[in-house]
Amino acid sequence: MKESGLGNYVEEIKTKFSNKIKKFDYNHNEVHFHIRDPNDIREICGHIHLDMEARLATIIGTDERNNGGGFVIRYVFEKTGEDVFMFVIVSLGNANSFPSIVSCVPAASLYEREIRDMLGLLPVGNPDTRPLVLHEHWPQGVYPLRKEFDIKTKVARKEGQYEFVRVEGDGICEIPVGPVHAGIIEPGHFRFSVLGENIINLETRLFYAHKGVEKLAESMAPEGVVSLAERISGDESVANSTAYCQAVEKLLQVQVPDRAKKIRTVFAELERIYNHIGTLGGMATDAGFAFGAARLNILKERMMRLNETLCGSRILFGVNRIGGVRCEVERENQKLILEKTGETLRDFDRMAAFLKSKASLIDRLRDTGKISKKAARDLGIVGVAARCVGIDVDTRRDHPYASYAIHNGRTPQQAMQDQIEMEKRAGDAMSRFEVRIKEVRDSFDIIKNSLDLESDGLYAEIPEAMEPFKSALGYAESHRGQTLHWVMTGENNSIFRYKVRTASFCNWPIMEFAVSSDIVPDFPLVNKSFDLSYSGNDL
Amino acid sequence: MKEKSQILGNHAETMSEEQLVKFSSTVSPSTTKSYEEMGKELKDRIVKLLGRSLAIREVDAGSCNGCEIEIAALTNSIYDVERFGIHFVSSPRHADLLLVTGPASRNMEAALRRTYDATPGPKIVIAVGACALDGGIFGDTYATTAGIDKVVPVDVYIPGCPPRPELLVQGLLLAVNRLKR
């Protein structure tokens, strides 16, 4: 059935663009279309995005000049509800520019700017020509992801000024916020243009936490990159390391033992629980309801202590390895998980009911930070942010990994009820609050149903040698949404290219729309309601 | 020389002066004192030296957010450092102490320096987490400066990835104890 799904897409695209596609091939659930001429990408990507209604999942730029491929760009699309990733692959040869697809796929803008900064390829037609990853103090001509660029290079700083969008008019002021914030949070800059208290325009400027993760992976052993993947964003360590390991396992065609798959599921859901509870607590703080926050943070701490008992790390570092997991869940720990999660769920339910009964809190959340379905679709957002406005995407269901396939059995009636509930969601902070509460409960259920562990091993043996220049896409659903890790092998068991796209990268642009009808004091609450990672975005 | 070997044993001879300073100001987990004991001691020191409270500004210089989770945990009702007289403030201008995390990304370098300059003296800087000590897993690359002390002077180092809340309090205690000198 999966094969026929792939086949349908191949047929549709082949008949329409038969003379523009050089060849196509399959790689598990990926179908790759190799395009002859870069000038056709706008038409083909436009067709896939607009007519076939596929979401832009990521754009990957690679420097394959040394192996005769020139610069290569891969556009990855996915269609909701189908386990298929469509790759549109184009080689630019010796050219240093490529046509922008922003006019038909708005979500492509940030990816194209990223490719320009990191690889020095100019997206012709992208209206935003400002730097993204490398801030104004980086000189021209520094392209870290080009193969000739040595990772140890220390680049001299230069003076420069970033051009924010200017809003002008009577009484309009600018408020600059960050990168050092008032709370204990990550660095980012927000530029508000305000009229009185009303936000007229918000511009987010990120990448302060850019640490060169993708380039760094190219100089590390594939097993070492698991630790790096965990540290892409400290609070989504299981999701990111799972996605990375799955990419490598797909490459090596390793079959992960069922026990390991279930352990991955258990830890992924433990991660979702402690983070969602933390976010709900943060929202209570930002709405000025300290009591709610204090109670929820106690539950979060309890879950983090459980994490530590199970794997030695309060934020779940060191769970995964290529081929399976490092961390055993013994019988007594299975009992402990059931006991502790049961206790926490009971207290959580009580707290959720209590919070929902507080009119002053609900009043702050309702209609605050409202996003439209249209904007959400155009920007291709994922995770809680998408589900809060009725866009039903969830990598756990759409592309089952670990042991999630066993939790997907829905009766037609349940599916219909879910759909009705989806349609009711308004896209405001209140709906994100409710979606999180529901997901915490679902996670407890998934954990409960995953603890009948099989008795096969913790990990599969992995072949010693990796075939060079093979690639695969790994994916997982973190508590923020879909995270994608694309790995291409190099010679001598190295990594040639590691492309990471976390949910935060997709979701940050929606923030600028979400606050457009709010006042400045609502911003922290709106920001927390999306709960996006800076480090996961900046890499 | 005797002092050196007391701290380091046989490694003393091979260590440079700079490494030695860093080593002696790095916190190692206490096996004898509980969190509550350390907290009480910290409170006494703070009252004696600073009058009432210790004001901390947290600066993320490109961390993965792991250290922030643990620092934020200090303020929950279980660790609750506020009862020891420790207060996280919103501006470096109100702070006695900077808690800095991350490998100091190049994009945060200028902001970190400006935050340091905006903090009134006498001030203490604590580097929190493995990345903050020497770049950690992110190392010394085009995008990092390989440690907070490459950007601003650091008084105390707290290792760990991330350090547990207990170790953070122990690091604060070490820092406050040095304030007298």
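Numbered from 1 within each chain, the chains take letters A, B, ... in sequence-line order.
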Applying side-chain contact (heavy atoms from CB on, under 4.5 Å) to B/Asn65 and A/Ser533, what does each step give before you reach the verdict?
CA-CA 8 Å; B/Asn65 199 28; A/Ser533 163; 5.7 Å; no

Please confirm whether B/Tyr142 and A/His210 have ring centers closer than 6.0 angstrom.
yes

Proximity breakdown for B/Thr145 and chain A, heavy-atom pairs closer than 4.5 Å:
backbone

In short, B/Ser105 meets A/Ala209 closest at the heavy-atom pair OG-CA, 4.1 Å

If you take all heavy atoms of B/Pro103 and A/Lys211, which pair is closest and at what distance?
CG-CD, 3.8 Å

Side chain / backbone / both / neither for A/Phe317 at chain B, heavy atoms under 4.5 Å:
side chain

Look only at the side chain of B/Arg57 and the backbone of A/Ala182, and say whether a donor-acceptor pair between them is shorter than 3.5 Å.
yes

Non-hydrogen side-chain atoms of B/Pro162 and A/Ile315 separated by less than 4.5 Å:
yes

Engaged part of A/Leu228 at the chain B interface, taking heavy atoms whose separation is under 4.5 Å:
both

What do you reckon, is CZ of B/Arg83 surrounded by more than 12 foreign heavy atoms closer than 6.0 Å?
yes

Side chain from CB out, backbone as N, CA, C, O: work out which of these in A/Val213 comes under 4.5 Å of a heavy atom of chain B, or both, or neither.
side chain

Atom group of B/Pro92 that falls short of 4.5 Å from chain A, counting heavy atoms:
neither

Closer than 3.5 angstrom, by distance alone: can the side chain of B/Asn107 be matched with the main-chain N or O of A/Val133 as a donor-acceptor pair?
yes

All heavy atoms of B/Cys161 vs all of A/Arg231, minimum pair found to be SG-NE, 3.0 Å

Would you say that B/Met108 contacts A/Asp538 through its side chain, given a criterion of any heavy-atom pair below 4.5 Å between the two side chains?
no

Picking from A/Arg157, A/Met304, A/Glu230, A/Arg295, which has the most non-hydrogen pairs under 4.5 angstrom with chain B?
A/Arg157

Under a 4.5 Å heavy-atom cut-off, does chain B meet the side chain of A/Glu136, its backbone, both or neither?
neither

Looking at side-chain heavy atoms only, is the closest gap between B/Ile78 and A/Ile298 below 4.5 Å?
yes

Name the member of A/Lys300, A/His137, A/Lys215, A/Met220 that forms the most heavy-atom pairs with chain B at distances under 4.5 Å.
A/His137

If one checks every heavy atom of A/Arg302 against chain B at 4.5 Å, the contacting part turns out to be neither

For A/Ile151, is it the side chain, the backbone, both or neither that has a heavy atom under 4.5 Å from a heavy atom of chain B?
both

With a 4.5 angstrom heavy-atom cut-off, which part of B/Phe138 approaches chain A: side chain, backbone, both or neither?
both

Donor-acceptor pair, A/Arg314 side chain versus B/Ile69 backbone, under 3.5 Å?
no

Engaged part of B/Arg114 at the chain A interface, taking heavy atoms whose separation is under 4.5 Å
neither

Quick one: what part of B/Ala110 sits under 4.5 Å from any heavy atom of chain A, side chain, backbone, both or neither?
both

Under 4.5 Å heavy-atom distance to chain B, tell me which part of A/Tyr534 shows up: side chain, backbone, both or neither.
neither

Okay, side chain of A/Lys154, backbone of B/Thr141: is any donor-acceptor separation there less than 3.5 Å?
yes

